[in-house]
Amino acid sequence: ELDVALQEQQLLLYYQVQVDARQRPIGAEVLMRWKHPQRGLVSPAEFIPLAEETGQIVAMGLWALRTACLQLKAWQQNALTRDLTLAVNVSAKQFRKADFVDQVRRVLLETGVRASLLKLELTESTVLLDVEDTIAKMRELKLMGLSFSMDDFGTGYSSLQYLKRLPLDQIKIDQSFVRDIASDPNDAAIVQTIIAMTQALGLNVIAEGVETPEQQEFLELRGCHNFQGYLFGRPMPPAEFEDTLKA
Ligand code: C2E
Ligand code: MG
Ligand code: MG
């Protein structure tokens with residue numbers, strides 16, 4: 001069915017805004033959705049693991065990358081959207097492909113998009129599968145102008161040994177730590193430590209899953225100035241996303 005989904009254009013991209021300390025939009029993360037003819041809108045939590053297993057994620061991920069770049073291209077026409085960045089999730093299987101860097105280069109050439117508008121989100125598991133290969137690919141892509149964010153930070157097998165070697169631009173604090181930040185002293189301590197570490201390493205930090213003003217304030221006071229979460233906007237189709245920018 002996933003093959004059909006790709007061919008019949010049942011896959012969609014939703015856009016979730018990322019904001020700065022003054023709640024101004026700085027970009028969005030693109031999140032895949034599957035508009036299944038019988039089941040309705042299917043969550044990526046259901047089909048991404050399956051697509052990983054079957055290898056279909058490689059084609060699906062390439063589609064997401066291309067679609068995101070076409071959106072960036074279209075946004076260049078409008079002053080309101082011209083400087084927005086897009087963050088695209090990249091799966092382990094996709095990133096591990098020998099021709100991944102070439103695929104990204106081709107998409108950028110085809111669409112004519114400034115590479116600096118594109119951010120790739122990697123996870124700890126992806127990176128750790130082969131650290132040397134990861135570093136080599138990241139360097140090549142960074143030379144082209146792309147940036148990198150470490151998604152779900154702290155939920156996998158974090159190794160500070162690799163963290164200091166990877167040419168990352170940003171660390172994304174996982175929503176599981178953000179959720180109870182105001183009530184759980186352990187989560188608060190972990191988040192505070194992650195922020196301090198990113199500052200020491202000279203990295204940008206963004207928190208995901210921010211749902212309340214209390215969470216935002218906690219993060220803000222401790223030095224995290226970029227946010228993503230329902231407090232600022234849910235993931236939504238591109239037309240709706242553009243409407244919220246105008247409002
Ligand atoms: P992720 O990359 O960590 O994305 C963040 C998830 O948190 C998204 O779930 C988003 O809808 C959700 N979220 C955002 N704000 C809030 C909030 O304030 N509260 C709560 N409770 N949740 C929030 P979603 O869209 O269901 O995506 C789930 C996962 O599927 C993503 O996690 C990502 O790992 C994967 N995924 C989605 N799109 C793609 C894709 O194009 N390629 C790949 N490889 N993976 C994708
Ligand atoms: Mg992500
Ligand atoms: Mg995440």
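Each ligand, and each atom within it, is numbered from 1 in the order the structure gives. By convention here, the first residue in the shown sequence is residue 1.
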Do Q76 and R82 have a side chain donor and acceptor closer than 3.5 Å? no

Heavy-atom nearest pair, M236 first then T244, reads SD-CG2, 3.8 Å

What protein heavy atom sits nearest atom 16 (C) of ligand 1, and how far away is it? Y230 CE2, 3.2 Å

Pick whichever of G209, P44, S91, S176 has a heavy atom sitting closest to atom 29 (C) of ligand 1. P44

Going by a strict under-4.0 Å cutoff (protein heavy atoms only), does atom 4 (O) of ligand 1 have a neighbour on the protein? yes

Verify whether one side chain among Q23 and Q216 offers a donor that lies under 3.5 Å from an acceptor in the other. yes

Distance col, row Q71:CD vs F241:CZ, nearest 0.5 angstrom, shows 9.0 Å

Is it true that S159 and Q161 share a donor-acceptor pair across their side chains at a distance under 3.5 Å? no

Answer key: the N, O or S atom of E29 nearest to the Mg ion (ligand 2) is OE2

Under 4.0 Å to a heavy atom of E211 - the qualifying atoms of ligand 1, by number: 17 (C), 18 (O), 19 (N), 20 (C), 21 (N)

Starting at CG of L168, measure out to CG of L201 and round the result to the nearest 0.5 Å. 9.5 Å

Does R33 have a non-hydrogen atom less than 4.0 Å from ligand 1? yes

Suppose I only count heavy atoms of G229 and a 4.0 Å limit; which atoms of ligand 1 are within that range? 15 (N), 18 (O)

Would atom 32 (O) of ligand 1 count as contacted, meaning some protein heavy atom under 4.0 Å? no

Does an N or O from Q228, backbone or side chain, lie closer than 3.5 Å to an N or O of ligand 1? no

ILVMFWY network linking L143 to M138, side-chain heavy atoms under 4.5 angstrom: no

Closest to atom 6 (C) of ligand 1 (judged by heavy-atom distance), picking from E46, Q175, E208: Q175

Hey, are Q10 and H36 close enough side-chain-wise for a donor-acceptor pair under 3.5 Å? no

Would a 4.5 Å heavy-atom cut-off, applied to side chains only, mark K172 and Q18 as touching? yes

Nearest non-hydrogen protein atom to atom 46 (C) of ligand 1, with distance, is I48 CD1, 3.7 Å

Per-atom contacts, ligand 1 versus V210 - under 4.0 Å to a heavy atom: 18 (O)

Do we see a donor-acceptor contact under 3.5 Å between the side chains of E52 and S91? yes

What is the closest protein heavy atom to atom 42 (N) of ligand 1, and at what distance does it sit? N89 O, 3.5 Å

Selection from D151, L31, L122, L11 by shortest heavy-atom distance to atom 10 (C) of ligand 1: L31

Taking distance alone, with no angle check, do D152 and ligand 1 share an N/O pair under 3.5 Å? yes

Starting from atom 15 (N) of ligand 1, find the nearest protein heavy-atom neighbour and note its residue, name and distance. Q16 NE2, 2.9 Å

Please verify whether a non-hydrogen atom of R179 lies at under 4.0 Å from ligand 1. no

Under 4.5 Å between side-chain heavy atoms, counting indirect links through other Ile/Leu/Val/Met/Phe/Trp/Tyr residues: same cluster for M197 and Y157 or not? yes

Once you restrict to heavy atoms under 4.0 Å, what part of P235 touches ligand 1? Side chain, backbone, both or neither. side chain

Which residues share a ring pair (Phe, Tyr, Trp, His ring centres under 6.0 Å) with F100, sequence neighbours left out: F95

Count of N, O or S atoms belonging to protein, less than 2.8 Å from the Mg ion (ligand 3): 4

Between K119 and E29, does a salt bridge (Lys or Arg N to Asp or Glu O under 4.0 Å) hold up when you go through it step by step? CA-CA 9 Å; K119 187 159 64 182; E29 177 177 10; over 6 Å; no

Distance only, no hydrogens: is a donor on one side chain within 3.5 Å (strictly under) of an acceptor on the other, for W75 and E242? yes

Of the choices M60, M32, Q215, which has the non-hydrogen atom that lies closest to atom 41 (O) of ligand 1? M32

Checking the N or O distance criterion of under 3.5 Å, is ligand 1 in contact with A45? no

Which pairs of donor and acceptor atoms, one on a side chain in residues 125-132, lie under 3.5 Å apart (sequence neighbours left out)?
from: S125; atom 1: OG; to: T123; atom 2: OG1; distance (Å): 3.2
from: T126; atom 1: OG1; to: T123; atom 2: OG1; distance (Å): 2.9
from: D130; atom 1: OD1; to: E132; atom 2: N; distance (Å): 3.4
from: D130; atom 1: OD1; to: D133; atom 2: N; distance (Å): 3.2
from: E132; atom 1: OE1; to: R165; atom 2: NH2; distance (Å): 3.2
from: E132; atom 1: OE2; to: R165; atom 2: NH1; distance (Å): 3.1
from: E132; atom 1: OE2; to: R165; atom 2: NH2; distance (Å): 3.2

Short check: any N/O/S atom of S149 below 2.8 Å from the Mg ion (ligand 2)? no

Measure K172 to ligand 1 on non-hydrogen atoms and call it side chain, backbone, both or neither using the 4.0 Å cut-off. neither

Partner set under ring pair (Phe, Tyr, Trp, His ring centres under 6.0 Å) for F153, not counting sequence neighbours: none

Show the nearest heavy-atom pair for residues I195 and R222, with the distance to one decimal. CG2-O, 3.1 Å

